[in-house]
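I have placed the structure first, in the form of structure tokens, so that the comments after it can refer back to it.
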Amino acid sequence: MTTSDNGIRTLKLCEGRVVRNGRHVIYDDQNGLPVVTGAPLPAGATIGYGHLIKPGEDFLDGIDEDVATKLLRADLGFAECAVCDAITAVLRQNQFDALVMLCFNIGARNFANSTVVKYINNPNFHSGAYPTLAAAWRAWNRTGGRVSAGLRRRREIELNVYQNGIYALNL
């Protein structure tokens with residue numbers, strides 16, 4: 001499976017972007033602020049929709065929407081593969097999309113080892129820490145050890161896609 005267009009639109013809304021003069025610009029993923037031109041890139045230097053800038057990539061002039069979308073689609077490959085590798089249950093498109101959104105945010109290793117995956121793969125699974133799939137999903141709400149309102153909101157959006165097939169197409 002691959003992520004649907006609705007899944008990509010919803011993920012774009014969840015990821016956010018920083019645009020100046022109609023172009024996506026480099027920003028610090030931790031605080032969402034644009035990186036000052038000429039300043040050293042922070043560890044979480046990002047552009048477009050959550051694309052972490054790799055050594056050798058040059059985005060100093062920014063990128064247009066088409067390039068930002070192409071980068072996102074390319075970056076989604078790891079999450080799509082991770083979901084396909086980790087999930088043994090049959091999924092509907094909305095469920096796959098929601099799992100890809102979660103994996104894209106928390107990383108393939110965290111996803112593969114998550115209680116979310118255990119619940120989905122085994123209908124008889126029970127966790128003492130997280131009594132339901134929704135509770136396990138919502139637990140991925142922290143950054144830097146603190147609960148994040150943005151991550152709480154994102155988890156609810158993903159759960160709504162997973163459970164109800166309702167995509168957030170405009171927030």
Side-chain angles (χ1 to χ4, degrees), residues 1-17 24 29-30 43-57 59 63 66-145 147-148 150-169 171:
M1 292 182 95
T2 59
T3 309
S4 72
D5 289 342
N6 282 339
I8 289 174
R9 280 193 289 275
T10 300
L11 181 57
K12 282 180 172 183
L13 291 169
C14 288
E15 282 294 320
R17 65 191 184 144
H24 291 255
D29 192 46
Q30 290 300 307
T46 304
I47 195 162
Y49 299 102
H51 176 77
L52 290 172
I53 298 173
K54 298 170 191 68
E57 290 182 325
F59 298 113
I63 58 176
D66 185 51
V67 172
T69 299
K70 286 178 182 171
L71 281 172
L72 175 61
R73 286 186 184 275
D75 289 346
L76 277 180
F78 91 85
E80 291 170 338
C81 287
V83 170
C84 290
D85 289 346
I87 301 297
T88 58
V90 175
L91 298 172
R92 294 185 309 273
Q93 183 67 53
N94 61 294
Q95 294 172 321
F96 180 80
D97 290 348
L99 290 167
V100 168
M101 287 185 255
L102 176 65
C103 182
F104 187 77
N105 185 243
I106 69 173
R109 182 175 295 146
N110 286 334
F111 177 79
N113 295 319
S114 72
T115 307
V116 168
V117 169
K118 292 173 184 165
Y119 268 112
I120 292 169
N121 285 340
N122 180 357
N124 298 317
F125 177 78
H126 179 74
S127 163
Y130 309 110
T132 64
L133 169 62
W137 201 302
R138 288 181 178 115
W140 291 98
N141 65 358
R142 295 178 178 270
T143 184
V147 173
S148 160
L151 287 177
R152 288 178 66 189
R153 181 171 171 254
R154 182 176 181 142
R155 298 293 92 93
E156 293 305 319
I157 291 168
E158 293 162 354
L159 268 169
N160 204 24
V161 172
Y162 184 86
Q163 294 175 328
N164 305 312
I166 298 173
Y167 291 81
L169 301 180
L171 300 175

Quick one: pull up CG in Leu99 and CH2 in Trp137 and give me the separation to the nearest 0.5 Å. 4.0 Å
Rounded to the nearest 0.5 Å, how far apart are OG1 of Thr88 and CG of Asn121? 3.5 Å
Salt bridge (charged side-chain N to carboxylate O under 4.0 Å, His left out) pairs, two or more places apart, involving residues 119-142: Arg138-Glu156
List the steps and the verdict of side-chain contact (heavy atoms from CB on, under 4.5 Å) for Asn94 and Gln163. CA-CA 8 Å; Asn94 61 294; Gln163 294 175 328; over 6 Å; no
Please examine the side chains of Arg152 and Arg155, heavy atoms only from C-beta on, and report whether any two atoms are closer than 4.5 Å. no
Any salt bridge between Arg73 and Asp5, counting N to O under 4.0 Å? yes
Considering all heavy atoms, the nearest Ala68-Gly48 contact: CB-CA, 4.0 Å
Any chance you could measure Asn105, atom CG, to Arg154, atom CZ, to the nearest 0.5 Å? 4.0 Å
Look at the side chain of Gln30 and the backbone N and O of Gly44, then say whether any donor-acceptor pair between them is shorter than 3.5 Å. no
Provide the closest heavy-atom pair for Tyr167 versus Val161 in the form atom of the first, atom of the second, distance. CE2-CG1, 3.7 Å
Could you grab the distance from atom CD1 of Ile47 to atom CZ of Phe59, nearest 0.5 Å is fine? 6.0 Å
Taking every heavy atom of Ala135 against every heavy atom of Tyr130, the minimum-distance pair comes out as O-CD2, 3.8 Å
Is there side-chain contact between Arg9 and Asn6, with at least one heavy-atom pair below 4.5 Å? yes
Separation between CD (Gln95) and CG (Asp97), nearest 0.5 Å, reads 10.0 Å
Can you list the steps and then say if Leu91 with Ile120 is a side-chain contact (heavy atoms from CB on, under 4.5 Å)? CA-CA 9 Å; Leu91 298 172; Ile120 292 169; 4.3 Å; yes
Say you draw a straight line from CZ of Arg153 to SG of Cys14; how long is it, rounded to the nearest 0.5 Å? 7.5 Å
Closest approach of Ile157 to Ala168 (non-hydrogen atoms, all atoms of both residues): CG2-CB, 3.9 Å
Identify the two heavy atoms, one from Ala86 and one from Ala112, that lie closest to each other, and give their separation to 0.1 Å. CB-CA, 4.3 Å
Gln93 side chain reached by Met1 side chain, heavy atoms, under 4.5 Å: yes
Got Leu72 and Phe104 here, is their nearest side-chain heavy-atom distance under 4.5 Å? yes
Is there a side-chain contact between Thr3 and Leu11 in this structure, where contact means two heavy atoms from C-beta onward sitting under 4.5 Å apart? no
Ile53 vs Thr46 side-chain heavy atoms within contact, under 4.5 Å: no
Minimal non-hydrogen separation, Tyr119 against Ser127, with atom names: OH-N, 3.3 Å
Can you check side-chain contact (heavy atoms from CB on, under 4.5 Å) on Leu151 and Trp140, steps first, answer last? CA-CA 7 Å; Leu151 287 177; Trp140 291 98; over 6 Å; no
Verdict with reasoning, Ser4 to Phe96, per side-chain contact (heavy atoms from CB on, under 4.5 Å): CA-CA 9 Å; Ser4 72; Phe96 180 80; over 6 Å; no
Could you tell me how the ring of Tyr49 sits relative to the ring of His24: parallel (under 30°), tilted (30 to 60°) or perpendicular (over 60°)? perpendicular
